[in-house]
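A note on names: the letters A, B, ... follow the listed sequences, proteins ahead of strands, and every chain is numbered from 1.
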Amino acid sequence: MNVEVLAERAIAGDEDSFTTLIQGMQERIYRMAFSYVRNKDEALEIVQETVYKAYISIHKLQQPQYFATWLTRIAVNCALDHIRKSQKIIYMEKEPERSYVPGQKEEIIDLYEALDGLDEKSRMVIVMRYLEDLPLKDIAEILEQPLSSVKSVLYRGLEKLKINLEESEHLG
Amino acid sequence: MDKQLEMMQQAYNDIEIPQELSAAARKGIERGKQHRRKNSVVRRSLKWGGSAAAAVLVSFTISVNTMPAFAGSLEQVPVLGKLVKVLQFTQGSAGGGTIQDGVDVDFIALKTQGERDQLILNFANPDEDQTLASSYNVKFTEYPYTMTISVSGARKFSAAKDLETLKESRFVEDAYPLITLDDSAIRFSVTFKEPVAYEVKEYKDPAQVVITLKQGAGDQKQPVYSLRTPSQPAGETLAIAEEMLFGVEGLRMLKDQKGLFLVEAGYYPTEEAAQEAMKQIQTEHGYAEPLIVEKRMAGELPQMISADQ
């Protein structure tokens, strides 16, 4: 059954359809959350919060074809909320790690180091565009921003990313 | 650069999906369910079991009608700006305006012109020129004959003092503000002595909504059975009761004969239908507070019924 039909039913209050939709999206939400918080438990918490918020407000979704976009928007906001609440802790953990293991070559570190160097907005756009492979149009919908500003955020992010990646190469 | 991105993508795809993921999602759904139960504000429309309830809505559609061919009223009112639209009513309800915030429903004026009375709503915004009306809704209902106006994006209701003056209209029995938990909306109701015919026009430069009333036809003779809460003062309890019943067809807040308030969860042609609806609201909507069925005639105000009666 296609997503739109399921979303239509979910909006009308059908729980099974809602569950099916979530099952199809939960990995994406988890990966995105994980790339923000880098911690399994916290990422799971964000998934739970996202599903909860989606469940209590699904009736407000007017266009079923935007279910995925809508859910991603909720997930992004949940992740940002989560980060804001625990900002200090992350900051403290992050700093020593960076200075003690500079330029570690493992890919996983590269990913996070690179993402770390970005501001919140560019990070979100990069993750969605290159890691989740979402079209720019969808990203603009998710962030509720004009396509042009999403593009400029993306270019800014890429620019910065390039510099950061080069720097870490120098160090290594 | 592409290589870097590829590496990032690889790392991203390598993020391990924990086994607990499905459980976390399920837990989110569970919490959602609990939230709904606890709040009992099930914001989905009631699924009416039988056709009985649906039939009610048909047999009791509003009999007051909009006035046909009403041209010429425009030049009779000198203060007006440009006509934005004439409201088309469906089931007694219509709305217009634009979404704004910080609007003051400034004053309401009453004008009498021969057979007709006009209520003119004025909007003002302290921050900017108020050229367009703020988003509003006008709803006409019966048992008793009532017009309810709500304006969203309104933070101030200076016109509350003018509600008294509206009573000078030959049609108006009472005019009173309604309590609402939304601090960005104002609402008030006007009760009519008899059925009215109405026309509502919206103007800009300045922003005004003009409601023209004249004597209407089709006085309902049959009584209805109103499903309602006990009477109570206009306070938070009342507003919460309305919030809890959100989604019920025909929901409205009314003032009773003694000046107390009640929330009505629709009215029905027979007592049995009202009882059945009550059961449905209690079971499906999860409304646990007491409800009462009251018999009422068309032009009659609700009775004062206290909770312990």
Side-chain angles (χ1 to χ4, degrees), chain A residues 11-13 15 18-19 21-23 25-35 38 40-41 43-60 74 78 105-115 126-127 129-133 158-159 161-162 164-166 168-169, chain B residues 1-49 95 99 135 152 182 184 243-249 251 280-281 283-287:
Chain A
I11 292 167
E15 216 166 87
F18 182 81
T19 309
L21 285 169
I22 292 295
Q23 279 165 354
M25 291 277 292
Q26 61 193 23
E27 292 198 4
R28 177 201 278 192
I29 301 169
Y30 178 80
R31 280 210 175 86
M32 281 184 52
F34 191 90
S35 75
R38 276 181 253 162
K40 187 184 90 178
D41 291 333
L44 286 172
E45 231 171 80
I46 293 170
V47 172
Q48 193 198 117
E49 190 65 22
T50 304
V51 175
Y52 165 70
K53 286 196 174 143
Y55 187 91
I56 62 172
S57 53
I58 178 82
H59 62 277
K60 287 185 200 152
I74 296 178
C78 281
K105 272 288 180 184
E106 283 169 52
E107 284 167 8
I108 199 108
I109 299 294
D110 273 356
L111 167 69
Y112 300 135
E113 286 203 338
L115 290 179
I126 299 265
V127 168
R129 178 66 197 92
Y130 292 107
L131 307 180
E132 278 300 337
D133 205 21
L158 282 178
E159 197 74 9
L161 207 54
K162 200 171 156 190
N164 279 351
L165 291 169
E166 275 168 6
S168 76
E169 259 166 24
Chain B
M1 188 59 217
D2 278 342
K3 214 176 155 199
Q4 295 289 1
L5 269 176
E6 252 171 57
M7 267 165 65
M8 283 175 66
Q9 270 163 354
Q10 189 58 42
Y12 189 78
N13 290 332
D14 286 347
I15 292 175
E16 203 183 319
I17 300 297
Q19 287 185 327
E20 301 99 303
L21 179 59
S22 288
R26 264 204 310 281
K27 216 164 164 193
I29 296 181
E30 268 324 301
R31 269 176 62 210
K33 279 194 216 165
Q34 265 170 26
H35 173 96
R36 281 203 181 160
R37 251 177 256 136
K38 197 165 66 200
N39 286 273
S40 22
V41 192
V42 186
R43 289 174 189 277
R44 64 191 143 97
S45 53
L46 275 182
K47 286 176 206 144
W48 293 104
I99 294 170
S135 177
S152 6
D182 182 352
S184 68
E243 185 75 7
M244 303 248 287
L245 289 164
F246 185 91
V248 173
E249 200 84 49
L251 188 71
Q280 210 148 12
I281 286 169
T283 53
E284 287 188 28
H285 222 69
Y287 185 77

| remark: Between A:Tyr55 and the options B:Glu30, B:His35, B:Arg31, B:Lys33, the side chain to side chain contact (heavy atoms under 4.5 Å, CB included) test singles out B:Lys33

| Under 4.5 Å from any heavy atom of chain A - which part of B:Glu16 | backbone

Please give me the minimum heavy-atom distance between [X] and [Y], naming the atom from each residue.
X	Y	value
B:Leu21	A:Leu44	CA-CD2, 3.7 Å
B:Gly32	A:Tyr52	N-CD1, 3.4 Å
B:Ala24	A:Gln48	O-CG, 3.3 Å

Quick check for you: to the nearest 0.5 Å, what is the distance between [X] atom [atom1] and [Y] atom [atom2]?
X	Y	atom1	atom2	answer
A:Asp133	B:Tyr12	CG	OH	11.0 Å
A:Gln23	B:Ser22	CD	OG	6.0 Å
A:Glu132	B:Gln9	CD	CD	10.5 Å
B:Glu20	A:Lys40	CD	NZ	3.5 Å
B:Ile29	A:Ile22	CD1	CD1	6.0 Å
A:Glu27	B:Ile17	CD	CD1	4.0 Å

Which answer fits [X], side chain, backbone, both or neither, if we ask what part of it has an atom under 4.5 Å from a heavy atom of chain B?
X	result
A:Glu49	both
A:Ile11	neither
A:Thr50	neither

